[in-house]
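In the text below, chain A, chain B and the rest are named by the order of the sequence lines, each starting its count at 1. Keep in mind that this is a model prediction, so the values were computed, not measured.
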2 protein chains.
Amino acid sequence: MTRATPPPMPTEAEVAILEVLWDQGRSTVRQVHEVLGPRTGVGLTTVLKLMQIMVTKGLLERDTEVRPQVFWPAQAQRQTQKRLVRDLLDKAFSGSPGELVLQALSVRRSTPEELAEIRRLLDDLEARS
Amino acid sequence: MTRATPPPMPTEAEVAILEVLWDQGRSTVRQVHEVLGPRTGVGLTTVLKLMQIMVTKGLLERDTEVRPQVFWPAQAQRQTQKRLVRDLLDKAFSGSPGELVLQALSVRRSTPEELAEIRRLLDDLEARS
DNA sequence: CCTTTTTTACGAATGCGTTCGTAATGTGTC
DNA sequence: GACACATTACGAACGCATTCGTAAAAAAGG
């Protein structure tokens with residue numbers, strides 16, 4: 001099944017699974033559950049079911065040839081994060097990123113490296129206008 | 001009913017209502033519906049019901065003395081936005097704001113004023129470390 | 001004060017996300 | 001091949017967000 005439209009927004013539980021896959025790379029259901037289970041207490045079949053749903057939604061892909069089956073994200077982490085940010089922007093910030101950035105920077109301490117990178121991007125954006 | 005714990009996270013529909021109230025200030029159900037109705041096609045009683053639920057959740061307050069009743073947000077916009085950002089941060093960015101900021105700045109063009117303000121905040125944060 | 005309209009309350013239906021029990025299928029071992 | 005174990009599929013239940021119909025209460029208009 002090929003897919004013209006991009007996959008839908010992942011739900012909360014789905015994002016948790018995506019995070020594991022982005023972090024660990026291709027994984028089996030068991031491997032994902034080994035991370036999520038202890039942390040959330042969720043059952044193995046629950047993780048399996050979610051991952052199956054995610055395949056039908058186009059959020060994950062899988063290799064059914066091997067046993068156990070191996071799953072991986074259909075979209076890169078950046079892509080998905082961008083969608084999530086855009087969504088929050090539209091829903092709660094009237095589409096203006098500035099306020100969101102300010103809130104994000106205030107909420108938690110960033111590392112100096114991160115701050116430097118943000119500054120570089122800022123230079124970039126200002127130079128272009 | 002006073003409230004020790006902060007109100008819970010607003011849902012999507014609830015954020016839409018909060019946005020109207022932040023924008024217009026204290027409003028009646030009808031006034032909120034006049035904004036949301038045309039945009040989303042939602043019915044008047046639906047808006048009412050949601051706003052009633054939001055009162056019980058501690059998201060809104062209301063004056064029942066006047067007719068029609070007047071509602072207003074229990075929390076400032078900044079407060080709520082901060083909660084939403086923190087939530088997204090935890091769920092999808094492993095709690096590190098830098099990546100979120102980068103995504104936010106890439107998604108949409110910011111005004112030069114916004115960029116300047118972000119730069120000021122950046123100076124502030126770097127000076128403090 | 002009666003009628004009409006607006007406002008408010010209540011109850012219920014629907015849909016979606018999440019969860020897991022149980023069954024079916026596959027794999028490895030003796 | 002028979003048994004034990006792991007993997008996968010399926011179906012159903014549960015809770016929550018959202019929706020609206022309908023009815024009760026209040027206000028406005030005559």
Side-chain angles (χ1 to χ4, degrees), chain A residues 1 7-21 26-72 80 83-84 87-88 91-92, chain B residues 1 7-21 26-72 80 83-84 87-88 91-92:
Chain A
M1 176 176 67
M9 287 270 297
T11 67
E12 185 167 345
E14 288 169 350
V15 170
I17 289 172
L18 285 172
E19 289 241 296
V20 175
L21 292 173
R26 305 182 166 216
S27 306
T28 65
V29 171
R30 177 168 296 276
Q31 287 167 334
V32 172
H33 179 250
E34 269 160 12
V35 177
L36 259 35
R39 190 189 303 164
T40 68
V42 76
L44 178 66
T45 56
T46 303
V47 175
L48 168 67
K49 177 73 165 190
L50 281 172
M51 290 174 75
Q52 287 171 340
I53 292 173
M54 291 172 77
V55 169
T56 72
K57 283 189 184 177
L59 289 168
L60 294 187
E61 306 195 8
R62 69 172 160 183
D63 183 355
T64 55
E65 302 300 310
V66 300
R67 278 310 147 108
Q69 301 176 355
V70 174
F71 297 73
W72 62 93
T80 305
R83 282 176 61 92
L84 292 169
D87 185 61
L88 180 61
K91 284 198 305 203
Chain B
M1 177 174 67
M9 287 271 298
T11 66
E12 184 166 345
E14 288 169 349
V15 169
I17 289 172
L18 285 172
E19 289 241 296
V20 175
L21 291 173
R26 303 182 167 219
S27 306
T28 66
V29 172
R30 176 168 296 277
Q31 286 167 334
V32 172
H33 179 250
E34 269 161 12
V35 177
L36 258 36
R39 190 190 302 163
T40 67
V42 78
L44 178 65
T45 56
T46 303
V47 176
L48 168 67
K49 178 73 166 190
L50 281 173
M51 290 173 75
Q52 288 172 341
I53 292 173
M54 291 172 77
V55 169
T56 72
K57 284 190 184 177
L59 289 168
L60 294 187
E61 306 194 9
R62 69 171 161 183
D63 183 356
T64 56
E65 301 299 311
V66 300
R67 276 318 144 105
Q69 301 176 355
V70 173
F71 297 73
W72 63 92
T80 306
R83 283 176 60 91
L84 292 169
D87 185 61
L88 180 60
K91 285 198 303 203

Side chain of A/Thr46 only, heavy atoms from C-beta on: which candidate in C/dT8, C/dC20, D/dT8 is closest?
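Per side-chain heavy atoms of A/Thr46, the pick is C/dC20.
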
Side chain of B/Lys57: nearest nucleotide among D/dT7, D/dA17, C/dC20?
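The closest nucleotide is D/dA17.
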
Within the 4.5 Å heavy-atom criterion, are [X] and [Y] side-chain neighbours or not?
{"X": "B/Thr56", "Y": "B/Gln52", "result": "no"}
{"X": "A/Leu60", "Y": "A/Glu14", "result": "no"}
{"X": "B/Thr11", "Y": "B/Lys57", "result": "yes"}
{"X": "B/Gln69", "Y": "B/Val29", "result": "no"}
{"X": "A/Lys49", "Y": "A/Thr45", "result": "no"}

So, the side chain of A/His33 versus the backbone of A/Val42: is there a donor-acceptor pair under 3.5 Å, distance only?
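Such a contact is found between A/His33 side chain and A/Val42 backbone.
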
Is there a donor-acceptor pair under 3.5 Å between the side chain of A/Arg83 and the backbone N or O of A/Pro10?
no

Short of 4.0 Å, heavy atom to strand atom, which residues of residues 47-54 of chain B count as contacting DNA chain C?
B/Leu48, B/Lys49, B/Gln52

Which residues within residues 11-20 of chain B lie with some heavy atom under 4.0 Å of an atom in DNA chain D?
B/Thr11, B/Glu12, B/Ala13

For the CZ atom of B/Phe71 and the CD atom of B/Gln31, what is their distance to the nearest 0.5 Å?
11.0 Å

Within the sub-3.5 Å range, which N or O atoms of nucleotides 24-27 of chain D have a protein N or O partner, and how far apart are they?
none

